[in-house]
Amino acid sequence: MTAPALVAFDLDDTLAPSKGVISDRIAALLIALLHRGDVAIISGGNEQQFRSQVVAQLTTVDADALSRLHLLPTCGTRYLRHDGADFAPVYAHDLSAEEKDAALTALREEAERLGLWEPQPWGDILEDRGSQITFSALGQKAPRDAKHVWDPDGSKRAALRDAVAARLPGLEVRSGGSTSIDITRAGIDKAYGMQRLADLTGIPLASMLFYGDRLDEGGNDYPVLALGVPSIPVEGWEDTADKLDELLASL
């Protein structure tokens, strides 16, 4: 196959278990890719999650290789590049105080109305990520098993998304992970992040390759596929690792 100039990934359930660190195997594969070209990670997680789940595990990577790693937390509302010493922001589309208040209020009130507000969550249900407000139905620290059985068909998230979106016409409201709803500025999703990445790097979308676990229509990775980025669906980080072994063998 023609070698992609940039390989991009979702994070949770693509490179790592939800909220977990990447494995040694994934770290080694990312390092191998960084020695061949650019790598990007775009996900709904916040910047600290990117640093703890990924960057902290790349201990053997030098600054030259890290300069080819592009980090786009909170669905591309932020973009960070390595400046030789650390990852620094290229842009950040933070929500205003008024937008945050409206989003937090709508999420809580609609979740309570729909019977989706968990009285005993694992950690915070609502999180202000600066450029994104995130609702996690069972709490930010919920165990993976509980998260996977909470809304297997997506109907709970769809109902909450629709109810909240009706109250926030100036903001983007979408399903995130298996239990989450993300709110950003209107028009900003993973497609926006990937298009900005192409604009800022000069790498055409057709020369990229994206791996994600939610490429189904309605999934939070689908906008990348709809944008025209060649995409490969995966089912968990082990599947991603197997497919990266195939990719690297073909380059």
Side-chain angles (χ1 to χ4, degrees), residues 6 8-16 18-19 38-55 69-83 86-107 124-136 140 157 160-161 164-165 167-177 179-201 203 205 208 210 212-215 218-227 229 231:
L6 180 147
F9 302 92
D10 171 50
L11 179 50
D12 284 347
D13 295 320
T14 296
L15 286 178
S18 180
K19 302 294 177 64
D38 287 44
V39 172
I41 301 172
I42 182 167
S43 181
N46 62 26
E47 179 180 333
Q48 183 52 46
Q49 287 174 248
F50 275 55
R51 290 180 179 275
S52 62
Q53 289 180 256
V54 180
V55 177
L69 178 59
H70 309 261
L71 303 180
L72 295 103
T74 51
C75 294
T77 60
R78 293 175 178 266
Y79 174 35
L80 297 98
R81 290 287 303 273
H82 202 271
D83 61 8
D86 197 2
F87 283 92
V90 176
Y91 68 72
H93 298 302
D94 287 344
L95 296 167
S96 69
E98 293 78 11
E99 289 170 327
K100 291 178 182 180
D101 287 344
L104 291 166
T105 299
L107 281 167
D124 294 335
I125 292 176
L126 297 174
E127 183 184 3
D128 177 358
R129 296 178 175 177
S131 53
Q132 178 176 291
I133 298 296
T134 295
F135 168 91
S136 297
Q140 287 290 325
R157 280 168 293 159
L160 181 57
R161 179 197 64 217
V164 171
R167 294 179 53 168
L168 303 173
L171 297 176
E172 188 86 24
V173 184
R174 60 186 171 275
S175 296
T179 64
S180 64
I181 299 292
D182 295 327
I183 299 177
T184 62
R185 287 272 173 84
I188 298 182
D189 57 11
K190 288 186 179 181
Y192 171 88
M194 294 300 290
Q195 184 61 65
R196 289 288 283 143
L197 185 62
D199 294 341
L200 292 167
T201 62
I203 299 173
L205 294 171
M208 299 180 181
F210 177 77
D213 71 309
R214 293 289 312 281
L215 285 164
N220 65 349
D221 295 324
Y222 180 75
V224 181
L225 176 64
L227 184 65
V229 179
S231 300

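For the single chain, residues carry numbers from 1 onward in sequence order. Just so it is clear, the structure is predicted and the values come from calculations on it, not from any experiment.
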>> Within this structure, what is the CG-CD1 distance for the pair D189 and I42, rounded to the nearest 0.5 Å?
In response: 8.0 Å
> Rounded to the nearest 0.5 Å, what separation is found between the NE2 atom of H82 and the CG atom of L69?
Replying inline: 9.0 Å
> Quick one: are H93 and Y192 in side-chain contact, heavy atoms under 4.5 Å?
Replying inline: yes
> What are the two closest non-hydrogen atoms of R157 and S180, and how far apart are they?
Replying inline: CD-O, 3.8 Å
> Where do P73 and G45 come nearest, in terms of heavy atoms and distance?
Replying inline: CB-O, 3.3 Å
>> Would you compute the distance between atom CZ of R81 and atom CG of L197 and round it to the nearest 0.5 angstrom?
In response: 8.0 Å
>> Can a donor-acceptor pair be found, under 3.5 Å and without considering hydrogens, that links the side chain of T14 to the backbone of G212?
In response: no
>> Could you check whether any side-chain heavy atom of V164 comes within less than 4.5 Å of a side-chain heavy atom of I181, counting everything from C-beta outward?
In response: no
> Going through the distances and angles, do T105 and R167 end up as a side chain to side chain contact (heavy atoms under 4.5 Å, CB included)?
Replying inline: CA-CA 10 Å; T105 299; R167 294 179 53 168; 4.0 Å; yes
> Measuring from Q48:CD to R129:CZ, what's the distance to the nearest 0.5 Å?
Replying inline: 11.5 Å
> Going through the distances and angles, do M208 and V224 end up as a side chain to side chain contact (heavy atoms under 4.5 Å, CB included)?
Replying inline: CA-CA 11 Å; M208 299 180 181; V224 181; over 6 Å; no
> What's the spacing between D221 CG and S43 OG if we round to 0.5 Å?
Replying inline: 8.0 Å
> To the nearest 0.5 Å, what is the distance between CD1 (I41) and CG (L15)?
Replying inline: 5.5 Å
>> Distance alone, cut at 3.5 Å: any donor-acceptor contact between the side chains of S18 and D13?
In response: no
> Taking all atoms of both residues into account, what is the closest heavy-atom pair of L168 and A103, and its distance?
Replying inline: CD1-CA, 3.8 Å
>> List the residues meeting salt bridge (charged side-chain N to carboxylate O under 4.0 Å, His left out) with D86, not counting sequence neighbours, and say none if there are none.
In response: R51
> Is there a side-chain contact between R196 and V90 (heavy atoms, below 4.5 Å)?
Replying inline: no
>> I want to check something: taking the side chain as every heavy atom from C-beta on, are Q132 and I188 in contact at a cut-off of under 4.5 Å?
In response: no
>> Checking D10 against K190 for the salt bridge (charged side-chain N to carboxylate O under 4.0 Å, His left out) test, could you report, in this order, the C-alpha distance in whole Å, the side-chain angles of both residues, the deciding distance, and whether it holds?
In response: CA-CA 9 Å; D10 171 50; K190 288 186 179 181; 3.0 Å; yes
>> Quick one, L95 and S131 - any side-chain contact, counting heavy atoms below 4.5 Å?
In response: no
>> Any heavy-atom pair between the side chains of R78 and D94 that's under 4.5 Å?
In response: yes
>> Quick one, L72 with Y91, criterion side chain to side chain contact (heavy atoms under 4.5 Å, CB included). Give me CA distance, side-chain angles, the key distance, then yes/no.
In response: CA-CA 10 Å; L72 295 103; Y91 68 72; 4.0 Å; yes
> So R174 and C75, side chain to side chain contact (heavy atoms under 4.5 Å, CB included) or not? Walk me through it.
Replying inline: CA-CA 11 Å; R174 60 186 171 275; C75 294; 3.2 Å; yes
>> Please give me the minimum heavy-atom distance between M194 and L205, naming the atom from each residue.
In response: O-CD2, 3.7 Å
>> Within the 4.5 Å heavy-atom criterion, are T134 and N46 side-chain neighbours or not?
In response: no
> Any idea which heavy atoms bring F210 and V229 closest together, and the distance?
Replying inline: CB-CG1, 3.9 Å
> Looking only at heavy atoms, which two atoms of S175 and N220 are closest? And how far apart?
Replying inline: O-CB, 3.5 Å
> Does F135 reach the side chain of I183, with side-chain heavy atoms less than 4.5 Å apart?
Replying inline: no
